[in-house]
**Student:** 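Quick one: structure below, then a few questions.
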Amino acid sequence: MKRKDFLKGMAAVAGSLAFPSPSRAAGFKAALQDAAGAGDAAFWKLVRDEFVLDPGWSYLNFGGLGTCPMPVLNSLWEWTRTEERAPSAGHDEKVWWSVKEKLARLLGPACRKEDLALIGCATEGINAIINGLSLKKGDEVITSTHEHVAVNVGLLNRMQRDGIAVRLFEPDLARAQGNVERISGLVSPRTRLILVSHVTCTTGQLFPAPEIATLARSRGIWFAMDGAQAPVCVPFDIAGTGVDFYTSSTHKWLMGPKRTGFLYVRQGMLDALRPVTAGAYSSERNDIGKMDLALHPTAQRYEYGTQNDALFFALGAAIDFVDTIGMDRVWAHNHALAEKFYEGLREMAGVEILSPQEEAYRTAMISFRMKGRTYQQIGEHLAKAKIRVRPVTEGGLNCIRVSFHVCNHDGEVDRILEALRAIA
């Protein structure tokens, strides 16, 4: 049976499937519009009610792992039930590309769906970048000491295999421009790649991407970013960053299903990044008899094999959820909570704040240490108070990171500050 005939048949039976509840996207949007007129408190309560988080806990770790709101869970169940009802190899290209189109709009007006590959997570994208570029023995890669293990292990793996050199800089938390200067000071004739986080997993620091891109472009160096912590966490235009390659998981701030993410490749850079893994979907044309291969002319060349389509189709519902709230409103809400927490920490004796001093480069994640307390002691104390945070051991920081997102509220900021004052 042809795929289009199968889909027609599925459309006929879809109405008989027993789902736990219908998708509430339209109703949620209408309810939000009504709540918006009633003020912020009613608006954000309606948003919080879409989550199934344990109400006894304050979950302040979206930087570690997000949770899906009900419209996403419903979409995931509906697509899973549909596919399990009548399994079929391959996926619906129309829906697949519609998710990319939504994602491209979220990432900025100049981003095209053709620039995006849907992948499993940021780690997969980081490895596609590190291993797909034509690096050879002695070539240098510049990165920071505050990178996620995915970047560190990926670079060390290529170093052991091919003899590349990795050069490190300590992030400047006082001056954003200081990071550009520190990177510039490490550039040599052997530098081929600059690879840093867009927002660090350690202190929530936003790196000045456009300025780093200008430096890289002027020296003929590739520029790549681990964006696992950036999309939805901070407002930005992906093309405006000037980055050549960008990857992110979408199960954190975007609140999509686990094992979803994307890889962005700037227009004109496809041929510089050879796919590490290739298979079905990666090629436009292939003929083993003629020893002929033409990779797909879009970023689809980095996609391959059987996918759990339901995950990515439900990612489309996550993008709709964010769009319904509004990116600007998400940022204003999250930033206000983070800044209230930041100011509360500043008033507390014995607390060292590790997040950037410049507000423009702080995000919805704030990290800190306390004099006389280990990060384990702080974490255990907060857990007893039913507050979920994230210990940070990367870069030897040994601190605590707190993340704020759309399902959090002022009362939870007060709650964690009160808990910290008790042991300060």
Side-chain angles (χ1 to χ4, degrees), residues 2-15 17 19 22-29 68-121 125 231-232 237-239 246-251 253-265 267 280-282 284 296-327:
K2 292 183 178 179
R3 178 69 173 169
K4 63 179 182 180
D5 295 330
F6 168 75
L7 291 173
K8 288 180 181 178
M10 282 308 303
V13 301
L17 301 181
F19 302 138
S23 175
R24 303 187 298 181
F28 174 63
K29 186 172 184 178
C68 297
M70 284 304 300
V72 179
L73 293 176
N74 286 336
S75 176
L76 179 59
W77 171 251
E78 290 169 8
W79 280 110
T80 300
R81 183 65 183 265
T82 298
E83 292 179 350
E84 296 302 323
R85 175 97 173 188
S88 176
H91 53 239
D92 187 328
E93 290 283 337
K94 183 177 180 180
V95 181
W96 189 267
W97 278 93
S98 75
V99 174
K100 289 188 183 182
E101 190 168 12
K102 289 180 180 181
L103 184 58
R105 287 198 302 269
L106 185 83
L107 294 172
C111 184
R112 309 176 308 158
K113 59 183 182 294
E114 293 83 5
D115 303 329
L116 300 172
L118 297 180
I119 60 175
C121 59
V232 181
D237 176 348
I238 198 167
Y246 192 106
T247 188
S248 181
S249 297
T250 49
H251 59 244
W253 301 94
L254 189 47
M255 301 168 285
K258 285 66 180 170
R259 287 305 289 187
T260 60
F262 70 86
L263 173 64
Y264 163 87
V265 179
Q267 292 183 49
Y281 302 107
S282 304
E284 181 181 42
H296 201 276
T298 75
Q300 182 175 306
R301 62 178 58 189
Y302 308 106
E303 300 171 359
Y304 52 87
T306 301
Q307 300 282 353
N308 185 343
D309 302 341
L311 296 176
F312 293 95
F313 296 166
L315 173 59
I319 298 169
D320 291 340
F321 185 80
V322 171
D323 283 341
T324 298
I325 299 171
M327 282 285 289

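Basis for what follows: all heavy atoms, side chains included, without hydrogens, waters or symmetry-related copies. Computed from a predicted structure; not experimentally measured.
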**Student:** Rounded to the nearest 0.5 Å, how far does CD of Glu101 lie from NZ of Lys94?
**Tutor:**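 CD of Glu101 is found 11.0 Å from NZ of Lys94.
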**Student:** Between Ser75 and Phe313, which heavy-atom pair has the shortest distance, and what is it?
**Tutor:**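 Shortest heavy-atom separation between Ser75 and Phe313 comes out as OG-O, 4.1 Å.
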**Student:** When rounded to the nearest 0.5 angstrom, what distance separates NZ in Lys258 from SG in Cys121?
**Tutor:**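 Spacing of NZ (Lys258) from SG (Cys121) equals 13.5 Å.
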**Student:** Decide yes or no on ring-ring contact (aromatic ring centres under 6.0 Å, His included) for Phe312 and His91, but give the supporting numbers first.
**Tutor:** CA-CA 11 Å; Phe312 293 95; His91 53 239; 8.5 Å; no
**Student:** With sequence neighbours left out, what residues match Glu114 under salt bridge (Lys or Arg N to Asp or Glu O under 4.0 Å)?
**Tutor:**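 By the salt bridge (Lys or Arg N to Asp or Glu O under 4.0 Å) rule, Glu114 matches no residue at all.
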**Student:** With the side chain counted from C-beta on, respond yes when Met255 and Val72 share a heavy-atom pair under 4.5 Å apart, and no when they do not.
**Tutor:**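 In short, these two side chains do not touch, never coming nearer than 4.5 Å.
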**Student:** Which residue, Val232, Thr260, Leu118, forms the side-chain contact (heavy atoms from CB on, under 4.5 Å) with Thr250?
**Tutor:**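 Output: one option passes, namely Thr260.
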**Student:** Between Asp237 and Pro109, what is the shortest heavy-atom contact and its length?
**Tutor:**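 So the minimum-distance heavy-atom pair works out to OD2-CD, 3.8 Å.
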**Student:** Does Thr80 reach the main-chain N or O of Ala310 with its side chain, forming a donor-acceptor pair under 3.5 Å?
**Tutor:**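 No; zero donor-acceptor contacts below 3.5 Å.
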**Student:** If only side-chain N and O atoms count, and only distance matters, is there a donor-acceptor pair under 3.5 Å linking Trp96 with Glu303?
**Tutor:**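 On atom types as modelled, these side chains qualify, holding a pair under 3.5 Å.
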**Student:** So which heavy atom on Pro297 is nearest to which on Arg301, and how close?
**Tutor:**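 For Pro297 and Arg301, the tightest heavy-atom pair comes out as CA-NH2, 4.0 Å.
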**Student:** May I have the step-by-step check of side-chain contact (heavy atoms from CB on, under 4.5 Å) for Asp309 and Glu83, ending in yes or no?
**Tutor:** CA-CA 9 Å; Asp309 302 341; Glu83 292 179 350; 2.9 Å; yes
**Student:** Report the distance from atom CG of Leu315 to atom NZ of Lys102, rounding to the nearest 0.5 Å.
**Tutor:**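 Here the rounded value is 9.0 Å.
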**Student:** Calculate, to the nearest 0.5 Å, the distance between atoms CG and CG belonging to Leu116 and Leu106 respectively.
**Tutor:**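 Answer for the CG-CG pair, Leu116 versus Leu106, is 10.5 Å.
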**Student:** Taking ring pair (Phe, Tyr, Trp, His ring centres under 6.0 Å) as the test, write out the residues that go with Tyr304, two or more places apart.
**Tutor:**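 Applying ring pair (Phe, Tyr, Trp, His ring centres under 6.0 Å) to Tyr304 gives none.
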**Student:** Work out which heavy atom in Ala239 is nearest to a heavy atom in Ala110; give both atom names and the distance.
**Tutor:**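 Taking every non-hydrogen atom into account, CB-CB, 3.7 Å.
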**Student:** Looking only at heavy atoms, what is the nearest atom pair of Gly256 and Ala318, with distance?
**Tutor:**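 Minimum heavy-atom separation between Gly256 and Ala318: CA-CB, 3.8 Å.
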**Student:** Let me confirm one number: the CD1-OH distance from Ile119 to Tyr302, rounded to the nearest 0.5 Å.
**Tutor:**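 Rounded to the nearest 0.5 Å, the CD1-OH separation comes to 11.0 Å.
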**Student:** Taking all atoms of both residues into account, what is the closest heavy-atom pair of His251 and Pro257, and its distance?
**Tutor:**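 Looking at all heavy atoms of both residues, the shortest contact is CB-O, 3.5 Å.
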**Student:** Name the residue from Tyr246, Phe262, Tyr264 that meets the side-chain contact (heavy atoms from CB on, under 4.5 Å) definition with Leu107.
**Tutor:**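 Of Tyr246, Phe262, Tyr264, side-chain contact (heavy atoms from CB on, under 4.5 Å) with Leu107 is met by Phe262 alone.
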**Student:** Using 0.5 Å steps for rounding, measure from the OG1 atom of Thr298 to the CH2 atom of Trp97.
**Tutor:**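 Answer rounded to 0.5 Å: 4.0 Å.
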**Student:** Does any N or O in the side chain of Gln300 come within less than 3.5 Å of the main-chain N or O of Tyr281, such that one atom is a donor and the other an acceptor?
**Tutor:**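 Answer holds: yes.
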